[in-house]
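Here's the structure, in structure tokens; my notes come after.
Along the sequence shown, residues are numbered consecutively beginning with 1.
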Amino acid sequence: MASLTPKIARFLLIAAAVVCAIGMIGPFKGIERNLISVDKAAHFVAFYGLTLLTIAAFPKRRSFDLACLVLMFGVAIEVAQMLSGRGAQLGDILADVAGVIGVLAPMHLQRLRSPPIVERRRRLADRLPVAEPQGPAEPAQG
């Protein structure tokens, strides 16, 4: 996923979001069972992928903030399902949350394993050559 450029990831994110929205809101109730037999697993896979694409599309943004946006998309889909007569399910939202956590948890664990930014900066400063201090400037004689 890291090799995707943000522009490609943004294009794929838009395409995936449209496909997910149409599949979850449109008249295709139960079509995901052709790919994945369990509805909750389909939600997990969809939101795992959407979270990965969102983070790849916006690499300079905080991953937690992006994950919250993805979850708001999931809640919006459930509200739209409720309004369209398909019925919203709390289990679908929980499966969406599990998909997002499936992406964030390994990222958080990696951050815990790496040294804090202050320590990394100190190590970098230790490797840089030290500039020789210059004495006071001599007055011009003239």
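- Residues Ala56 and Pro59 share a closest heavy-atom pair of O-CD, 3.6 Å.
- The CE atom of Met72 lies 13.0 Å from the CD1 atom of Ile77; values are rounded to the nearest 0.5 Å.
- Among pairs with a residue in residues 68-82, none fulfils side chain to side chain donor-acceptor pair (under 3.5 Å), at least two apart in sequence or across chains.
- Placement of Val19 and Tyr48 in two distinct hydrophobic clusters is found when ILVMFWY residues are connected by side-chain heavy-atom separations under 4.5 Å, directly or transitively.
- Remark: Leu12 CG to Lys7 NZ distance equals 14.5 Å, nearest 0.5 Å.
- Closest non-hydrogen pair, Ile55 versus Leu66, comes out as CA-CD1, 3.9 Å.
- Connection of Met107 to Phe58 is established within a shared hydrophobic cluster, with ILVMFWY side chains joined at heavy-atom distances below 4.5 Å, either directly or through further cluster members.
- Not a single salt bridge (charged side-chain N to carboxylate O under 4.0 Å, His left out) links Arg111 to another residue, sequence neighbours left out.
- In this structure, Leu69 is a member of the same hydrophobic cluster as Leu13, with clusters built from ILVMFWY side-chain heavy atoms closer than 4.5 Å.
- The minimum heavy-atom distance linking Gly74 with Asp96 is given by the pair CA-OD2, 3.7 Å.
- Cys20 and Ala46 make their closest contact through SG-CB, 3.9 Å (heavy atoms, listed as atom of the first residue, atom of the second, distance).
- In the hydrophobic clustering, Leu90 connects to Leu94, either directly or through intervening members, whenever side-chain heavy atoms lie under 4.5 Å apart.
- Phe73 approaches Ala21 most closely through the heavy-atom pair CZ-CB, 4.2 Å.
- Members clustered with Leu112: Leu109, by chain and number, using a 4.5 Å side-chain heavy-atom cutoff among hydrophobic residues.
- Residues satisfying the side-chain contact (heavy atoms from CB on, under 4.5 Å) criterion with Ala16, sequence neighbours excluded, are Leu50, Leu53.
- Distance check, rounded to the nearest 0.5 Å: OG1 of Thr51 to CD1 of Ile101 gives 10.0 Å.
- By the salt bridge (charged side-chain N to carboxylate O under 4.0 Å, His left out) test, Arg61 is found to be paired with no residue, residues two or more places apart in sequence or in another chain being considered.
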